[in-house]
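First the structure, in the form of structure tokens, and then the observations on it.
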2 protein chains.
Amino acid sequence: MQDDTPRGRAPRPRPAASRAAPRTAKARRTRDAILTAAIELLREQGYERATMRAIAERAGVSVGNAYYYFRSKEELVQAFYARTHVEHLAVALPRLATQRGLRDRLLATMSAKLETVEPYHPFAGVLFRSAADPASPLNPFSEESREVRDEAIAHFAEVVDGARGSLPKDLAREMPVLLWTWHMGVMLYWVHDDSPGRARTWTLMRETAELIASAVTVAKLPGMSPLRRKLVGVVRGMLSVDGHDAGGAS
Amino acid sequence: MQDDTPRGRAPRPRPAASRAAPRTAKARRTRDAILTAAIELLREQGYERATMRAIAERAGVSVGNAYYYFRSKEELVQAFYARTHVEHLAVALPRLATQRGLRDRLLATMSAKLETVEPYHPFAGVLFRSAADPASPLNPFSEESREVRDEAIAHFAEVVDGARGSLPKDLAREMPVLLWTWHMGVMLYWVHDDSPGRARTWTLMRETAELIASAVTVAKLPGMSPLRRKLVGVVRGMLSVDGHDAGGAS
DNA sequence: GCATAGAATTGAACACGTTCAGAAACCGAC
DNA sequence: GTCGGTTTCTGAACGTGTTCAATTCTATGC
């Protein structure tokens with residue numbers, strides 16, 4: 001009865017960047033109108049109801065024109081997604097400044113994330129669906145997501161750096177990626193969580209944050225360095241790709 | 001130029017079971033013909049080229065008839081998926097019988113999995129895309145996947161049980177789920193891995209298997225029980241849902 | 001044998017994301 | 001101002017997954 005997700009004949013091969021940059025002021029206004037309409041409709045109606053036709057209509061342009069500025073509906077969604085990332089940072093940073101313990105700093109960041117993202121839970125599933133496709137620009141491991149991903153990892157570097165207490169150097173280097181992975185795992189759980197107020201995810205977040213903090217303490221113990229070295233080796237191997245780094249494989 | 005993935009107006013609300021069971025022998029033959037055609041086409045042409053029209057044509061029926069027996073294209077894919085699961089067990093079990101160390105038993109199972117699944121890597125992305133949607137029957141946490149999931153977890157229970165050496169009881173209870181999660185993580189990496197022969201995934205598998213085995217040894221150490229208790233608590237909290245168990249949240 | 005209820009089957013129709021050939025608007029050069 | 005090239009924009013058309021009213025088939029009761 002309802003609608004599904006992407007359809008039509010779609011190109012798997014993704015060319016290069018976003019699209020021809022608007023040359024004139026009017027063109028820029030058109031692009032903005034489309035993006036704004038898309039974001040509004042996504043917020044108001046969710047992914048499936050926000051059809052390309054509806055977006056184009058609200059923006060006062062033709063469907064074809066929307067595709068002139070954005071290569072796909074997914075790209076539109078990505079812009080929307082990037083905006084929530086900015087929101088997250090805005091909430092997380094001040095909160096982070098008040099905490100010095102690792103566990104509390106993890107909670108500061110992650111709770112900001114959960115709060116920011118809560119309004120979109122109803123259609124988070126569809127978003128995740130797109131995000132899981134390795135070919136999708138929304139994929140957290142994709143080249144197109146690199147900027148957002150690197151920023152997020154850098155953010156976790158700050159989380160670690162600002163925390164009191166020291167870390168073994170080898171582990172310290174991999175901590176940001178490790179924490180980013182943790183954060184992705186929590187988000188994966190969140191997507192599937194339909195408990196009221198996402199209570200279960202909040203619990204998971206708290207417990208795992210504590211677990212991580214405890215594990216870090218343990219990791220400093222003298223007998224732990226072989227295990228730690230193994231862990232560090234795995235993380236490094238996961239990321240390095242023929243010289244340059246990346247998330248996921250390849 | 002190529003095609004995308006699911007399209008058309010699709011129903012998010014999933015009714016109950018598979019579909020009306022075929023009443024007559026002829027009906028059963030029709031159902032089988034559709035399923036066989038679907039599996040063949042998926043193998044030969046991949047997800048996108050295996051359109052419902054093509055499947056129906058090969059089976060010698062109308063599209064509508066395919067939808068009489070299967071609620072969606074995804075359900076057809078799920079049948080295909082279940083078959084690879086059976087293949088996996090067939091390869092893994094004899095191999096498992098020859099190993100007694102935990103690390104080697106993990107490798108036996110997981111390498112069987114990677115081998116079984118390798119032929120489908122070209123369109124694994126699309127499969128994963130569907131699988132990521134919480135509403136999809138393909139989702140590893142979904143009710144529809146419960147059977148396959150429980151079997152897989154039970155399989156990991158066997159992997160642990162058959163290993164020499166003992167485990168702290170609390171940890172032993174959660175090990176199967178933990179290992180199943182590990183296995184899912186490796187598969188996630190695999191989907192994104194385009195290194196030749198999936199070499200990077202094989203490396204990750206070997207290193208993480210070793211890491212797990214080491215961590216288990218460490219977990220037995222006297223000072224470790226608080227950390228272990230926390231871990232066990234997290235895992236239990238993740239799974240229990242208002243009494244009954246489930247993967248994911250909810 | 002026949003009628004009939006239910007199962008099985010059909011295929012046109014729908015809404016979707018996406019494409020594309022061409023129309024329109026714009027801009028600099030003369 | 002008007003020509004020529006480029007950017008911007010249009011909307012019909014395509015192929016998809018899915019639905020559904022209508023049709024055919026089938027087994028069972030008489």
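So that the names make sense, note that chain A is the first sequence line, chain B the second, and so on, each numbered from 1.
A salt bridge does not link B/K113 with B/E118: every distance from a Lys NZ or Arg NE/NH1/NH2 to an Asp or Glu carboxylate oxygen is 4.0 Å or more. A salt bridge links B/E44 with B/R58: the closest approach of a Lys/Arg side-chain nitrogen to an acidic carboxylate oxygen falls below 4.0 angstrom. Between A/E115 and A/R95 there is a salt bridge, since at least one side-chain N of the basic residue sits less than 4.0 Å from a carboxylate O of the acidic one.
Contact check, B/S72 against D/dG17: no side-chain N or O comes under 4.0 Å of OP1 or OP2. The side chain of B/Y69 places an N or O atom within less than 4.0 Å of a non-bridging phosphate oxygen (OP1 or OP2) of C/dT9. Distances shown here put a side-chain N or O of A/Y67 below 4.0 Å from the OP1 or OP2 atom of C/dT18.
A/E75 has its CD atom 14 Å from the C1' atom of C/dG17, to the nearest Å. Taking atom CE of residue B/M52 and atom C1' of nucleotide C/dA15, one finds them 17 Å apart after rounding to whole Å. To the nearest angstrom, P of D/dG17 lies 11 Å from CG of B/L41. In this structure, CZ of B/R29 is placed 13 Å from C1' of D/dT26, rounded to the nearest angstrom. Between the CZ atom of B/R49 and the C1' atom of D/dG17 there is a distance of 18 Å, rounded to whole Å. When rounded to the nearest whole Å, the span between CD1 of A/I34 and P of C/dT18 equals 14 Å. With rounding to whole Å, B/E57 atom CD is found 15 Å from C/dT10 atom C1'. Atom OH of B/Y47 and atom P of D/dG17 are 7 Å apart (whole Å).
Taking the side chain of B/V63 as heavy atoms from C-beta on, and the options C/dT10, C/dT18, C/dG11, the nearest nucleotide is C/dG11. Of the candidate nucleotides C/dG11, D/dC9, C/dG17, D/dC9 has the atom lying nearest to any side-chain atom of A/N65. For A/T51, taking side-chain heavy atoms from C-beta onward, the closest of the listed nucleotides D/dG17, C/dT10, C/dC16 is C/dC16. Nearest nucleotide to the side chain of B/R53, out of C/dT18, D/dG11, C/dA13: C/dA13. The A/Y68 side chain lies nearest to D/dC9 when the options are C/dG17, D/dC9, D/dT19. Comparing atom distances between the A/K26 side chain and each of C/dC26, D/dG17, C/dT10 picks out C/dC26 as nearest.
Side chain to side chain, A/N139 and B/H192 meet the donor-acceptor criterion of an N or O pair below 3.5 Å.
Aromatic ring centres of A/H155 and A/W180 lie farther apart than the 6.0 Å criterion allows.
Looking at which nucleotide of DNA chain C each of B/G64 and A/T24 is closest to, the 5′-most match is held by B/G64.
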